[in-house]
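Here the structure comes first, spelled out in structure tokens, and everything after it is commentary.
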There are 2 protein chains.
Amino acid sequence: MAMTLKELGRLAGVHPSTVARVLNDDPQQRVSEEVRGRILALAREHGYQPNHLARSLRTKRSFVIGTAIPDIANPFFAILFRGIEDALAASRYSVILANTDDEPAREQGSIDMLRGRQVDGLLIATARREDPTIEALVATGFPFVLVNRHTDPIPPNAVVPDDYAGAVAAVEHLIGLGHRRIAHISGSDEMSTGHTRRGGYLDTIRRHHLPADPDMTVRGNFREPGGYQGMRQLLDLPQRPTAVFAVNDLAAVGAIRAIEEAGLQVPRDISIIGFNDLSAAIGAARLLTTVRLPLHNMGKAAAAHLLAQITCDTVAREPVVIPVELVVRQSTGPAPA
Amino acid sequence: MAMTLKELGRLAGVHPSTVARVLNDDPQQRVSEEVRGRILALAREHGYQPNHLARSLRTKRSFVIGTAIPDIANPFFAILFRGIEDALAASRYSVILANTDDEPAREQGSIDMLRGRQVDGLLIATARREDPTIEALVATGFPFVLVNRHTDPIPPNAVVPDDYAGAVAAVEHLIGLGHRRIAHISGSDEMSTGHTRRGGYLDTIRRHHLPADPDMTVRGNFREPGGYQGMRQLLDLPQRPTAVFAVNDLAAVGAIRAIEEAGLQVPRDISIIGFNDLSAAIGAARLLTTVRLPLHNMGKAAAAHLLAQITCDTVAREPVVIPVELVVRQSTGPAPA
DNA sequence: CTGAAAGCGCTTACAG
DNA sequence: CTGAAAGCGCTTACAG
């Protein structure tokens, strides 16, 4: 049986509301030192822990944030989530996590569940560019922020990577190395990340008047097997690319596997560049040239953005676009002669 | 403003308790079809979601489980946690996660925070063999289960890998390949996993009358850099081992990196075996011989064990020991002549 | 079949 | 400086 204010009041011989005042350090009204000391001692002795449920019901603030994530077992989202949890814990918030496996019905179900649990706000990493669930959420005025992926057009309550600049930097790096047949293993066009990176790739190819052969873009899925399959397709082309921009590191790792299986070498025969820089998490990406995204920081920034919205009751005016940075390692090199 | 029972009652022209009865499908007392239909329609129309806070306060069941994890960004714990979340979600429980970074003070703080939030039980993946925080928790009678790591001696409310059998199988595999100088890169002896695996290694070495040189056990830390450093130590030995049992896959990957950096080859010069089988998560472990632990299932089993304890109000009589299985891949081979 | 009331453990405006 | 009361949104035993 957990200790309550009422019981503590009984033991101290005072009214429960007096106990509440000293335990909450109520700035309005002073309590005599004698009573305060007695209560504090009793609370410590019995290890009193306030019941957050009751407090939340009364104050209408739960200090819990809900997070919808495609899959916490994916290292990308695990690191993002760690950033979120770190920032939230520092502000005394807790987080309830729901995995959606990128199924729209589960995104909807998770958001309903989380709101039923009276979370103070939502961090959503599952947005598709067209997302009726999120459109409906906007209409309710409930506080939330989109992280990593945004709906179209980008709303002010979003914290996302600079996908476009990153894609441009990646492709220009390859062009700078002399490559002209540059392919792209894309993600899904339903997500802003996949769509924007593909756009950056295409624009850069065209701006440099390189061949924009439709065969040079193959569809992956943000995961290792998608990169592997995509690369196999590219290797089967009559004229294969000399360089590939993969939508993320996992796809790049899959592509490298396909290349090595085909008896070719990276970067001697084909250069590969990824996106995110998960080298610290996935050993296979240790030597990968990539576009570094400060993932843990992006999580912290998203949490901060949401807390600002909740506590200041203001709506953000601008999305936060996280800068990315080219990291040249050993998977890219000069175009073969 | 969220819809409440009271408001719904007002709209339907009935008492709030009647609304509660139909929405909760109260089996005790029947409600007329007419009233029931009216209420159901209204609830749907207004998207009524019950307030879990209020319900939990009243019923003293929050349907929330607290989980203490060293670091969700570590793929091992991310996969374990995914199993936990899957099992919990299937039973309509939510989970609040706290990262402790293996700091005892944060384990204590997390458990206090979680209990303050009135979770129905705790899943603890941060136990040390001697753990005053957990000892104190036992004394309170609060429901919890230890997962992956246990306090000593192993309590009934634990779900852990068969560390001992796995270590024995790993070392016997190496012995079967003809190795006699077999080293161990250990984890920490403060954790049951590290301690038990080291015990299994030593016992097996001795049972087969192989040299049990103290230099053959080096201390790692369950992570890649620990494996790397440990292997460097082993390579510096006057007589280096021909095979190494690493406490887990991450350490094994680090060991392989050290071996390759030294210009040697796996398994031609040195065989390496890991533990866990994270090959699906970390590409670098793709070809690693290891002891497979069904991690996702262990998470599910731990959650089930806890839910049984909560709903049946019975205390488990036996710990659950998850069987492990040797997976032979390409990092182990015959001892060099 | 439905209403009225009590109470979960807090917070907080109102008295005195 | 402290008490008494109301109320957050539910559930549930008690009436009728």
Side-chain angles (χ1 to χ4, degrees), chain A residues 1-40 42-43 46-64 92 112-113 115-120, chain B residues 1-40 42-43 46-64 92 112-113 115-120:
Chain A
M1 196 76 280
M3 186 57 46
T4 65
L5 284 187
K6 197 206 255 182
E7 179 64 6
L8 233 33
R10 202 183 56 70
L11 293 174
V14 299
H15 194 270
S17 61
T18 304
V19 183
R21 276 184 209 108
V22 353
L23 261 23
N24 288 343
D25 247 332
D26 190 327
Q28 298 285 6
Q29 326 199 28
R30 297 235 49 86
V31 176
S32 73
E33 275 316 310
E34 184 237 328
V35 170
R36 149 179 256 96
R38 189 145 35 104
I39 292 173
L40 251 21
L42 237 22
H46 291 87
Y48 172 74
Q49 284 272 79
N51 182 324
H52 268 265
L53 255 30
R55 173 180 291 175
S56 301
L57 181 61
R58 179 58 227 246
T59 60
K60 299 183 166 299
R61 291 279 303 273
S62 66
F63 277 81
V64 179
R92 324 245 58 177
D112 291 345
M113 178 276 278
R115 293 199 60 186
R117 292 196 178 277
Q118 309 302 121
V119 298
D120 289 340
Chain B
M1 195 78 283
M3 186 57 46
T4 66
L5 285 185
K6 196 206 255 182
E7 179 64 9
L8 233 34
R10 203 183 57 71
L11 292 173
V14 298
H15 195 270
S17 61
T18 304
V19 182
R21 277 183 208 107
V22 352
L23 260 23
N24 289 342
D25 245 333
D26 189 329
Q28 298 284 6
Q29 325 198 28
R30 298 237 48 89
V31 176
S32 74
E33 274 317 309
E34 185 238 327
V35 171
R36 150 180 256 95
R38 190 148 31 106
I39 291 172
L40 252 20
L42 237 22
H46 291 87
Y48 172 73
Q49 284 272 80
N51 181 326
H52 268 263
L53 255 30
R55 172 181 291 173
S56 302
L57 181 62
R58 179 58 227 247
T59 60
K60 299 184 166 296
R61 291 279 304 273
S62 65
F63 278 82
V64 178
R92 323 243 61 176
D112 291 345
M113 178 276 280
R115 293 197 59 186
R117 291 195 178 280
Q118 310 301 120
V119 298
D120 289 340

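Below, chains carry the letters A, B, ... as their sequence lines are ordered, and counting in each starts from 1. Here the structure is a predicted model, which means the values were calculated and not measured.
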Rounded to whole angstrom units, what separation is found between the [atom1] atom of [X] and the [atom2] atom of [N]?
X	N	atom1	atom2	result
A:His15	D:dA6	NE2	P	11 Å
A:Leu8	C:dC10	CG	C1'	13 Å
A:Arg10	C:dG9	CZ	P	14 Å
A:Glu7	C:dG7	CD	P	16 Å
A:Arg38	D:dC1	CZ	C1'	13 Å
B:Lys6	C:dA5	NZ	C1'	14 Å
B:Leu5	D:dG7	CG	P	18 Å

Side chain proximity check, A:Leu23 to A:Leu8, heavy atoms < 4.5 angstrom: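 Heavy-atom side-chain distance check passes, below 4.5 Å.
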
Partner residues of B:Thr59 under the side chain to side chain donor-acceptor pair (under 3.5 Å) criterion, sequence neighbours left out: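 Side chain to side chain donor-acceptor pair (under 3.5 Å) list for B:Thr59, sorted by chain: empty.
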
For A:Ser62, all residues meeting side chain to side chain donor-acceptor pair (under 3.5 Å), sequence neighbours excluded: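 A:Ser62: side chain to side chain donor-acceptor pair (under 3.5 Å) contacts with A:Asp120.
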
Residues forming a side chain to side chain contact (heavy atoms under 4.5 Å, CB included) with B:Leu57, sequence neighbours excluded: A:Asn51, A:Ala54, A:Leu57

Given [options], identify the nucleotide with an atom nearest to the side chain of [X].
X	options	answer
A:Arg21	C:dC14, D:dC8, D:dT12	C:dC14
A:Ser17	D:dT12, C:dC8, D:dA4	D:dA4
A:Ala20	D:dT11, C:dT11, D:dA4	C:dT11

Distance, nearest 0.5 Å, that separates NE2 of A:His52 from OG of B:Ser56: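 It is 14.0 Å, given to the nearest 0.5 Å.
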
Is the phosphate of [N], meaning OP1 or OP2, less than 4.0 Å from a side-chain N or O of [X]?
X	N	result
A:Thr59	C:dT11	no
B:Lys60	C:dG7	no
A:Thr18	D:dG3	yes

Which residues pass the salt bridge (charged side-chain N to carboxylate O under 4.0 Å, His left out) test with [X], not counting sequence neighbours?
X	result
A:Arg55	none
B:Arg38	B:Glu34
B:Arg58	none

For B:Tyr48, all residues meeting ring-ring contact (aromatic ring centres under 6.0 Å, His included), sequence neighbours excluded: none

Members of residues 48-58 of chain A that approach DNA chain D, where some heavy atom sits under 4.0 Å away: A:Leu57, A:Arg58

Under the 3.5 Å Watson-Crick or G-U criterion, the dot-bracket string of DNA chain C, with | for inter-strand pairs: |||.||||||||.|||

